[in-house]
Novice: 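Dumping the structure here so I can ask a few things about it.
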Amino acid sequence: MAKKITVQDLLDNTHLSIVSGADFLNRPVATEDISRPGLEMTGYFNYYAPERIQLMGITETSFAARMSHDELMMVAHKMMQPDTPALVVSTGRKLPQEFMDVANEVQIPVLATELTSSRILANMTYFLSGQLAERQSVHGVLVDIFGLGVLITGDSGVGKSETALELVQRGHRLIADDRVDVYAQDEERLVGEPPAILRNLMELRGVGIIDVLNLFGAGAVRSHATIAFNLHLAKWRDDQEVDRLGNGEEVTQIQGVDLPRYVLPVQTGRNLAVLIETAAKNFRAKKMGFDATETFNNNLNVLIEQNSEHQD
C-alpha cells in the first residue's frame with residue numbers, strides 16, 4: 001500500500017518555506033498531481049481538481065494583480081476547498097491578500113519558494129510520486145553493491161541474510177533485510193526500501209537481531225536504492241541445469257516493471273558474497289557494452305573457421 005503523506009512531509013523534503021498556516025501542516029496529500037490554476041483564475045472551474053496542491057507562479061500572480069477584490073474573493077473561495085492540501089507560490093512571488101485571508105479561514109497552509117515554477121514542480125512531483133506510489137512487499141534482501149541495487153531472493157534458510165552480512169563487511173551497503181518494500185519510480189525503474197520497523201536491522205539465525213548502523217557505521221546502510229537486477233539463491237540439486245555461459249538471463253516482473261533475474265545455485269564451499277560481487281560487476285560491464293559471453297562466442301566462431309580452413 002502507499003504511504004500517508006502530509007504537507008509537513010512535503011515541506012521537509014523540498015525547497016519550501018512556510019508563509020502562513022503553520023498549524024495546518026498535518027493536512028494529507030492524496031495525489032502526486034499538481035495543478036497550475038491558470039484557467040481557474042478566470043473563473044473556469046468545470047474540471048478543477050481541489051485535491052491537488054495548487055502551484056501559483058509569475059503568470060497566476062500577475063493575472064491576480066489585475067483582478068478586483070470581489071473577483072479575487074470568488075476565485076479564492078472556489079479554489080480552496082476542504083480537501084485542498086496547500087497553496088505553493090514560486091519565484092519569490094506573493095499571493096493577493098484576499099487569497100491569504102481565505103487560506104487562513106479554510107485552514108490551508110501557504111508555502112513559498114524562490115525556485116521557478118518548473119523547478120519546484122519537478123521537485124514536488126519527484127518526491128510525491130515516490131512516496132505515494134503503491135508498495136509491494138518482497139521477501140528478500142536488498143544490498144547496494146558497487147552502486148547497483150541487488151535484490152537477493154531465495155528459499156527461507158538459504159543464507160540470504162548471512163550473505164548480505166558478509167557483503168556489508170566487504171564494504172557494501174544494506175538497504176533492507178528480510179522484507180523489501182518495492183515501488184515503481186516510473187515505467188522502467190524499481191526502487192526498494194525497508195519497512196520502517198526493520199530499517200537498519202538484520203536478523204541472523206542463532207545470533208538474533210543486529211543493528212547494522214551501530215555495528216558497522218553510517219556507511220554500511222542506505223535508505224533506498226534503485227534495483228538493478230534480482231539474484232535468486234537456489235539450493236543445489238544434482239539434476240539441476242546450470243547456466244555455464246552467462247546467457248541465461250530471465251525476467252521477473254514487479255509492479256508491472258520487468259527486472260532482470262539470475263539464478264545462483266547454492267552449494268557448500270561456494271563463496272556467495274564474492275560470486276554476487278562478480279555478478280554485479282559483470283552486469284555493469286554488460287550495460288557498458290562489454291559482454292564476456294559474446295566475446296567467447298566470437299572467439300569460438302573464429303576457431304571453428306580456422307579449423308575448417310585447415311581441413312580444406
Side-chain angles (χ1 to χ4, degrees), residues 1-5 9 13 127-186 188-235 250-266 272-273 275-277 279-280 283:
M1 60 186 301
K3 289 184 177 180
K4 293 183 179 179
I5 301 299
D9 296 319
N13 290 276
F127 171 72
L128 292 175
S129 64
Q131 297 301 308
L132 293 173
E134 289 293 324
R135 263 66 174 169
Q136 178 176 335
S137 182
V138 176
H139 179 63
V141 180
L142 182 59
V143 185
D144 179 324
I145 304 175
F146 303 123
L148 297 173
V150 180
L151 178 62
I152 304 171
T153 59
D155 297 332
S156 180
V158 77
K160 298 184 294 295
S161 295
E162 291 81 358
T163 301
L165 177 61
E166 185 173 354
L167 288 166
V168 168
Q169 290 179 318
R170 294 173 67 89
H172 306 292
R173 294 184 286 180
L174 175 73
I175 289 94
D177 176 62
D178 187 57
R179 201 183 97 197
V180 185
D181 286 348
V182 181
Y183 65 90
Q185 183 71 59
D186 51 39
E188 297 181 351
R189 290 184 299 171
L190 291 170
V191 175
E193 61 183 11
I197 193 173
L198 299 177
R199 185 172 292 117
N200 303 331
L201 301 180
M202 178 181 288
E203 179 189 358
L204 300 172
R205 284 179 172 82
V207 177
I209 305 294
I210 66 170
D211 189 322
V212 176
L213 176 62
N214 286 334
L215 291 181
F216 297 97
V221 295
R222 279 192 66 183
S223 61
H224 64 281
T226 300
I227 303 174
F229 64 93
N230 168 217
L231 192 66
H232 186 78
L233 303 182
K235 293 181 180 180
E250 303 175 5
V251 172
T252 186
Q253 194 171 83
I254 302 177
Q255 295 284 58
V257 178
D258 289 338
L259 185 69
R261 181 178 187 269
Y262 304 90
V263 177
L264 184 62
V266 176
L272 294 180
L275 290 173
I276 293 174
E277 278 185 340
F283 180 85

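These figures come from a predicted structure and were not determined experimentally.
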Novice: Between H139 and D178, does a side chain to side chain contact (heavy atoms under 4.5 Å, CB included) hold up when you go through it step by step?
Specialist: CA-CA 6 Å; H139 179 63; D178 187 57; 3.4 Å; yes
Novice: Salt bridge or not between R135 and D181? Use side-chain N to carboxylate O under 4.0 Å.
Specialist: no
Novice: Is there a donor-acceptor pair under 3.5 Å between the side chain of D186 and the backbone N or O of R189?
Specialist: yes
Novice: Are side-chain heavy atoms of I254 and Q136 found at a separation under 4.5 Å?
Specialist: yes
Novice: Any pair with a residue in residues 142-171 that passes ring pair (Phe, Tyr, Trp, His ring centres under 6.0 Å), sequence neighbours left out, goes on the list, sorted by first then second residue, please.
Specialist: F146-H172
Novice: Mind checking side-chain hydrogen bond (donor to acceptor under 3.5 Å, both in side chains) for S161 and listing every partner two or more places apart, or none if nothing turns up?
Specialist: D177
Novice: When you compare the side chain of I175 with that of V180, does any pair of heavy atoms fall below 4.5 Å?
Specialist: no
Novice: To the nearest 0.5 angstrom, please state how far the CG atom of N230 sits from the CG atom of L190.
Specialist: 10.5 Å
Novice: Within this structure, what is the CD1-CG distance for the pair I276 and L148, rounded to the nearest 0.5 Å?
Specialist: 13.0 Å
Novice: If every non-hydrogen atom of D9 is compared with every non-hydrogen atom of K4, which pair is closest and at what distance?
Specialist: OD2-O, 4.0 Å
Novice: Give me the atom names and distance for the closest heavy-atom approach of S156 to R205.
Specialist: OG-NH2, 3.1 Å
Novice: Would you tabulate the side-chain donor-acceptor contacts of residues 211-218 under 3.5 Å, counting partners in other chains and residues two or more places apart, or write 'none'?
Specialist:
residue, atom, partner, partner atom, Å
D211, OD1, L213, N, 3.0
D211, OD1, N214, N, 3.2
D211, OD2, N214, ND2, 3.1

Novice: Find the distance between CD (E203) and CD (E162) and round it off to the nearest 0.5 Å.
Specialist: 9.5 Å
Novice: Show the nearest heavy-atom pair for residues P260 and A228, with the distance to one decimal.
Specialist: CD-O, 3.7 Å
Novice: State the NE2-CG distance between H232 and D155, to the nearest 0.5 angstrom.
Specialist: 5.5 Å
Novice: Do L167 and V150 touch side chain to side chain, with heavy atoms closer than 4.5 Å?
Specialist: no
Novice: Quick one: does K160's side chain have a donor or acceptor within less than 3.5 Å of a partner on G154's backbone?
Specialist: yes
Novice: Taking all atoms of both residues into account, what is the closest heavy-atom pair of A133 and A184, and its distance?
Specialist: CB-O, 4.2 Å
Novice: Quick check: does any side chain N or O of Q255 sit under 3.5 Å from a backbone N or O of E134, one acting as donor and the other as acceptor?
Specialist: yes
Novice: Quick one, Q185 and S129 - any side-chain contact, counting heavy atoms below 4.5 Å?
Specialist: yes
Novice: If you round to the nearest 0.5 Å, how far is CZ of R261 from CD of E250?
Specialist: 5.0 Å
Novice: Do S137 and R179 have side-chain atoms, one donor and one acceptor, less than 3.5 Å apart?
Specialist: yes
Novice: Using the rule given for side chain to side chain contact (heavy atoms under 4.5 Å, CB included), can you reason through V221 versus R173, listing the C-alpha separation, both sets of side-chain angles and the distance that settles it, and then say yes or no?
Specialist: CA-CA 5 Å; V221 295; R173 294 184 286 180; 5.8 Å; no
Novice: Can you measure from CG (D144) to CD1 (I227) and round to the nearest 0.5 angstrom?
Specialist: 11.5 Å
Novice: With a 4.5 Å limit on heavy-atom distance, are the side chains of T252 and T153 in contact?
Specialist: no
